[in-house]
Amino acid sequence: MPQATVHLLRHGEVHNPDGVLYGRLPEFHLSERGRDMAQMLADHFAARVQAGAKIVHLVASPLTRAQETAQPTAEALNLEIHTEPRIIEAENHFQGLHATMGEFIKPKHWFQLRNPLRPSWGEAYKDQAARMLAAVEDARLRAIALGGDGAEAVLVSHQLPIWATRLSAEGRRLWHDPRKRECTLTSLTSLVFDDDGRIVRVDYSEPAAVLLPGAATTPGA
């Protein structure tokens, strides 16, 4: 089986002036900075294609912020956006609340905090990694079918599922300190596969790093 790369692209900054943990809530759009980030990623991919990269398949989570992040790349590379429910944001009990520690530790939420290793407040890390890796495998095969050896796919997803996928791919434990995730807005977590379909390397890059200073840090989950 030919070598391929699947890039997991986190969406751009979201317009969220109230600091809500938006999770899977609908209609959270990109901010102006987020749109600039998405365009910068499109320019990055277009430049790589001009240099010979074979980016042939584009997939996005059904959530608005992911679709809007994918749109400039679709236009730049003349690719269709394939919507993939398996790469959606993680389920979270705290969705819709203000993302503050004071809110999370209120007594009414204590039961949800009983097991941070799963975590008990939302979708299990292992379940996130499993659904993401299944979508990654389908994207890898589709990219190879379209572009042959060295083909690449881009999947626009969300911080926590991407991070759980990376930890799983690298054989690390899935429970972690959310403050230590290496997955900034519009960063790329790139899974590189060998001829046998095995992940041989995980690369990380931040093509829109220049836009990160001052960007919102409220997580989606």
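Only this structure's heavy atoms are used, side chains among them; waters, hydrogens and symmetry mates stay out.
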> Is the ring pair F94/W121 parallel, tilted or perpendicular, if the boundaries are 30 and 60 degrees?
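Plane angle between 30° and 60°, so tilted.
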
> So, for L30 and R65, which heavy atoms are closest and what is the spacing to 0.1 Å?
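Heavy atoms only, the tightest pair is CD2-O, 3.7 Å.
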
> Distance check, rounded to the nearest 0.5 Å: I144 atom CD1 versus R142 atom CZ?
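Those atoms lie 12.0 Å apart.
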
> Roughly how far, to the nearest 0.5 Å, is CD1 of I162 from OG of S157?
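Going from the OG atom of S157 to the CD1 atom of I162 covers 4.5 Å.
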
> Quick one: pull up CG in D43 and CD in Q50 and give me the separation to the nearest 0.5 Å.
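One gets 11.5 Å once the value is rounded to the nearest 0.5 Å.
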
> Is the shortest side-chain N to carboxylate O distance from D203 to R201 below 4.0 Å?
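Here D203 pairs with R201 in a salt bridge, since their nearest N and O are under 4.0 Å apart.
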
> Does the side chain of S168 come within less than 4.5 Å of L133's, by heavy atoms?
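Answer yes - side chains close enough.
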
> The test is side chain to side chain contact (heavy atoms under 4.5 Å, CB included); show your working for M37 and R33 and say whether it passes.
CA-CA 6 Å; M37 288 176 167; R33 186 197 301 262; 3.8 Å; yes

> Here's one to test your reading of the geometry: is the NZ or CZ of R173 within 45 degrees of the ring axis of W175 and under 6.0 Å from its centre?
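Yes, R173 and W175 form such a contact.
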
> To the nearest 0.5 Å, what is the distance between CD (E13) and CZ (R35)?
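If we round to the nearest 0.5 Å, E13:CD and R35:CZ are 10.5 Å apart.
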
> How far apart are the closest heavy atoms of A60 and A66, and which atoms are they?
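What the structure gives for the nearest pair is CB-O, 4.0 Å.
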
> Is T186 close to M40 at the side-chain level, that is, under 4.5 Å between some pair of heavy atoms?
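No, too far: nothing below the 4.5 Å cut-off.
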
> Strictly by modelled atom types, are T184 and E206 linked by a side-chain donor-acceptor pair under 3.5 Å?
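Yes, a side-chain donor-acceptor pair sits under 3.5 Å.
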
> For H29 and E27, which I'm curious about, is there any donor-acceptor pair between the side chains at under 3.5 Å?
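Yes, side-chain donor-acceptor contact under 3.5 Å.
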
> Decide yes or no for K126 and L174: does some side-chain heavy atom of the first lie under 4.5 Å from some side-chain heavy atom of the second?
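Side chain of K126 against side chain of L174, heavy atoms only: contact under 4.5 Å found.
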
> Is there side-chain contact between Y22 and V14, with heavy atoms separated by less than 4.5 Å?
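They are in side-chain contact.
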
> Going by atom types alone, do H176 and R181 pair a side-chain donor with an acceptor below 3.5 Å?
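Their side chains do contain a donor-acceptor pair, which is all the 3.5 Å distance test asks for.
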
> Ignoring hydrogens, what is the shortest heavy-atom contact between E89 and E123? Give both atom names and the distance.
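Between these two residues, the closest heavy atoms are O-OE1, 4.4 Å.
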
> Heavy atoms only: give me the nearest S61-Q67 pair and the separation to one decimal.
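Looking at all heavy atoms of both residues, the closest pair is O-NE2, 2.9 Å.
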
